Amino acid sequence: MPHDPDPPPAKRFKPGSPFFRLNKKPGMLLPRKGNAPLPIDVQRKHLPIYQAKSQLISQLRQLHNAVLIGETGSGKTTQIPQYLYEAGIGRQGVVAVTQPRRVAAISLAGRVAEEKKTQLGKLVGYTVRFEDVTSAETKLKFMTDGMLLREAIGDPLLQRYTVVILDEAHERTVHTDVLFGVVKTAQRKRREQNKFPLKVLVMSATMDVDLFSQYFNKAPVLYLEGRQHPIQIYYTKQQQSDYLQAALVSIFQIHQEAPLSHDILVFLTGQEEIEALARTCRDIAKHLPENCGPMTVIPLYASLPPVQQLRVFQPAPKGCRKVILSTNIAETSVTISGIKFVIDTGMVKAKKYSPDSGLEVLAVQRVSKAQAWQRAGRAGREDSGLCYRLYTEDEFDGFASMTVPEIQRCNLASVMLQLLALRIPDVLNFDFVSKPSPEAICTAIEQLDVLGAVERKDDQVTLTPLGKKMASFPLEPRFAKTVLLSPEFSCAEEVLTIVSLLSVDSVLYNPPARREEVQSVRRKFISSEGDHVTLLSIYRGFKNVGGNKEWCRENFVNSRNMGLVAEVRSQLREICIKLGMTLESSRGDMANVRRCLAHGLFMNAAELQPDGGYVALDSHQPVAIHPSSVLFQAKPAYVVFNELLQTSKCYMRDLCLVDADWLHEAAPEYFRRKLRTGKS
DNA sequence: AGACTCGAC
């Protein structure tokens with residue numbers, strides 16, 4: 001370790017308030033590793049929630065709405081659906097339990113089926129995209145919140161359900177937030193129409209549930225004790241100007257002082273930063289004194305191939321410390337056992353949205369208090385833990401208490417299309433838990449208007465026949481429109497592939513350390529017509545070898561995401577067929593494909609300027625070609641792009657070369673208007 | 001001249 005003139009931040013930490021107090025009761029602990037596992041019905045009785053079972057049941061029997069706070073490990077999600085069923089509450093229909101993530105819905109259903117000693121898909125089942133493991137017998141149904149939202153389009157009153165449990169509500173995903181309004185409306189309408197009442201339970205892991213309670217007419221709040229171990233929090237005594245340096249010093253401070261079996265989890269902001277810090281850590285670890293012990297450094301972020309992601313679960317060899325450098329993926333999506341230390345930089349990379357420019361900005365920002373607690377909690381899952389916060393307690397006091405709900409940070413075009421498809425009469429005044437700004441709502445409606453999805457009659461907004469078709473696709477409105485236009489250009493098959501490729505995470509794997517290798521391998525797919533055509537030829541290559549994994553590795557293609565593309569494509573294709581569309585291939589005529597993209601994505605067009613830069617035709621702001629684009633070094637006169645992302649500059653991502661004429665023929669009125677405002 | 005937080009239908 002290099003000589004450090006200043007005392008390391010870890011030495012400058014002072015103790016803060018403990019997180020949760022340990023509240024052990026005799027006989028209340030789950031078996032630990034090494035103990036013989038208890039029978040599953042005995043395990044159920046050992047959960048903290050079991051003590052409250054009869055009280056809970058009598059409460060839930062009476063209430064139409066309740067908010068449940070359950071700390072981590074309280075067992076609320078697995079037990080409450082079973083308690084309801086066992087008490088005969090809601091048996092006339094189905095109890096739905098929604099989750100923000102697919103894996104959670106699937107694994108929870110598996111766990112509950114096991115506890116009920118039934119086969120998955122009978123009494124207990126799950127529904128997520130591409131997978132429906134339910135039957136006529138299913139009474140307890142775990143599902144993604146997005147899935148319930150889709151179902152609501154066909155059945156706004158949610159008539160199959162007697163109870164809807166909105167779990168992980170504190171995460172405030174767009175889907176959960178929209179569902180709040182959907183279940184509230186369904187509840188009211190069912191009451192008005194004298195239908196079977198709908199019970200709604202909101203479950204949260206954090207205490208800030210006033211908002212939820214208020215939203216449901218001051219619904220009672222029930223508390224459940226959890227089984228979180230105590231976590232000691234330390235703050236820095238002084239502000240840190242360089243959180244990466246502070247993290248580095250803290251890692252090695254802990255490494256020198258703590259037993260090697262204690263793993264460290266560090267929260268950072270992104271891939272590049274993580275890879276760089278990993279390199280630095282490995283370099284330093286090589287030159288440590290012998291009494292220090294070895295260290296294995298494992299990066300963790302979403303775009304890492306699955307094999308490498310799995311490395312975080314492997315225990316380090318005995319006598320070696322495991323240090324995990326992670327994005328916020330480890331806050332909720334990936335749970336790693338055995339973490340003793342959390343180092344929280346207090347920073348996160350997150351999207352912001354400015355409604356007037358319609359621009360999504362990806363920026364490194366401060367976390368919220370709730371997020372900081374969530375991070376700290378990752379240290380106390382099996383045993384007591386420690387969390388080093390690389391900021392002062394005063395700084396922490398200045399953090400926002402909750403993360404701004406996603407619905408206030410994103411483009412609302414999809415949400416508005418969905419609400420309109422749900423036949424909500426007045427979308428402009430929809431009863432959101434947290435209202436997005438009126439500007440954001442108006443911008444979204446205008447975008448839908450320009451796409452021809454809505455019509456306005458004296459303050460009322462309704463879907464056009466085209467809009468209704470668009471809503472039937474699980475796609476952003478502009479992609480849905482592009483698919484619907486594709487038969488006119490005889491290239492539906494190609495457009496389906498392209499849209500599928502764009503609607504999943506990137507299929508391209510770009511390990512920074514092997515950049516030149518990646519570039520040379522990728523050369524054979526690259527098209528001067530842009531990224532869409534390039535992606536199309538990669539997909540063809542993948543199909544030609546039958547999805548061969550070896551081929552994927554050689555070509556730096558993410559095979560998991562590629563597999564997903566194929567699934568999305570066949571789902572979209574089925575919807576097209578149901579709508580009676582003619583699906584043709586353009587047989588290599590890429591001009592038609594690009595023309596179709598121009599017609600669907602005309603709102604995302606940019607024009608080359610005499611100075612060599614670009615200007616977005618919609619907002620008239622200067623934009624640049626993202627370095628990841630195959631057109632990065634080219635200077636096409638006109639392009640359409642997938643999205644704008646502001647990082648160090650305002651970048652266009654995923655570009656397609658187009659003719660100016662195509663844009664004008666796509667939306668003559670729109671461009672006449674844009675050119676006028678552009679000149680003035 | 002230079003880059004990609006996390007999810008989901």
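In what follows, every chain begins at residue 1, and chains take the letters A, B, ... in the order their sequences are listed. All figures in this text were calculated on a predicted structure; none of them were measured in a lab.
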Item checked: 5′-ward residue of the pair A/Thr269/A/Glu476 relative to DNA chain B -> A/Thr269
Margin query: If you assign each of A/Lys649 and A/Ala350 to its closest nucleotide in DNA chain B, which residue comes earlier from the 5' end?
Written below: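 Going by which nucleotide is closer to the 5' end, it is A/Lys649.
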Notebook entry, point to check: Does the ring of A/Tyr651 meet both stacking tests against the six-membered base ring of B/dA3: centre distance under 5.5 Å and plane angle under 30°?
Noted result: no
Margin query: Contact list please: residues 101-109 of chain A against DNA chain B, heavy atoms, distance less than 4.0 Å, in numerical order.
Written below: A/Arg101, A/Arg102
Given atom [atom1] of [X] and atom [atom2] of [N], what is their separation to the nearest angstrom?
| X | N | atom1 | atom2 | result |
| --- | --- | --- | --- | --- |
| A/Met147 | B/dG7 | CE | C1' | 16 Å |
| A/Leu564 | B/dG7 | CG | C1' | 12 Å |
| A/Asp177 | B/dC9 | CG | P | 17 Å |
| A/Gln309 | B/dC6 | CD | C1' | 12 Å |
| A/Gln418 | B/dA8 | CD | C1' | 10 Å |
| A/Asp132 | B/dC9 | CG | P | 12 Å |
| A/Ile575 | B/dC9 | CD1 | P | 13 Å |
| A/His170 | B/dC6 | NE2 | C1' | 14 Å |

Which is true for [X] with a 4.0 Å heavy-atom rule: it touches a base, it touches only sugar-phosphate, or it touches nothing?
| X | result |
| --- | --- |
| A/Asn510 | base |
| A/Thr173 | nothing |
| A/Thr332 | nothing |
| A/Arg515 | base |
| A/Ser303 | nothing |
| A/Leu362 | base |

Would you mind telling me which of [options] lies closest to the side-chain atoms of [X]?
| X | options | value |
| --- | --- | --- |
| A/Ala302 | B/dG7, B/dC4, B/dC9 | B/dG7 |
| A/Phe632 | B/dA1, B/dC6, B/dC4 | B/dA1 |
| A/Arg653 | B/dC9, B/dC4, B/dG2 | B/dC4 |
| A/Lys351 | B/dC4, B/dC9, B/dC6 | B/dC6 |

Closer than 4.0 Å, any side-chain N/O of [X] to the OP1 or OP2 of [N]?
| X | N | value |
| --- | --- | --- |
| A/Ser414 | B/dC9 | no |
| A/Ser628 | B/dA3 | no |
| A/Tyr301 | B/dC6 | no |
| A/Thr144 | B/dA8 | no |

Checklist line | Residues A/Lys351, A/Glu406; criterion salt bridge (charged side-chain N to carboxylate O under 4.0 Å, His left out); working and verdict | finding: CA-CA 9 Å; A/Lys351 234 172 216 175; A/Glu406 204 187 352; over 6 Å; no
Item checked: All salt bridge (Lys or Arg N to Asp or Glu O under 4.0 Å) counterparts of A/Arg129, not counting sequence neighbours -> none
Among all residues two or more places apart in sequence or in another chain, which pass the side chain to side chain contact (heavy atoms under 4.5 Å, CB included) test with [X]?
| X | result |
| --- | --- |
| A/Pro627 | A/Phe632, A/Tyr651 |
| A/Glu476 | A/Ser414, A/Arg478, A/Phe479 |
| A/Arg160 | A/Lys141, A/Glu151, A/Asp155 |

Next item on the list: Can you check whether any acceptor in the base of B/dA1 is under 3.5 Å from a donor in the side chain of A/Gln633, or vice versa?
Entry: yes
Next item on the list: Please check if any side-chain donor atom of A/Thr176 sits under 3.5 Å from a side-chain acceptor atom of A/Thr173, or the reverse.
Entry: yes
Next item on the list: Just do the salt bridge (charged side-chain N to carboxylate O under 4.0 Å, His left out) check on A/Arg389 and A/Glu395 with the steps written out, would you?
Entry: CA-CA 10 Å; A/Arg389 293 180 166 164; A/Glu395 285 180 277; over 6 Å; no
Margin query: Checking one value: the base orientation of B/dC6, syn if chi is within 90 degrees of 0, otherwise anti.
Written below: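 Anti conformation for B/dC6.
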Margin query: Can you tell whether the side chains of A/Arg101 and A/Glu171 come within less than 4.0 Å, N to carboxylate O?
Written below: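 Salt bridge present between A/Arg101 and A/Glu171.
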Margin query: Tell me every residue that passes ring pair (Phe, Tyr, Trp, His ring centres under 6.0 Å) with A/Phe432, counting only those two or more places apart in sequence or in another chain.
Written below: A/Phe430
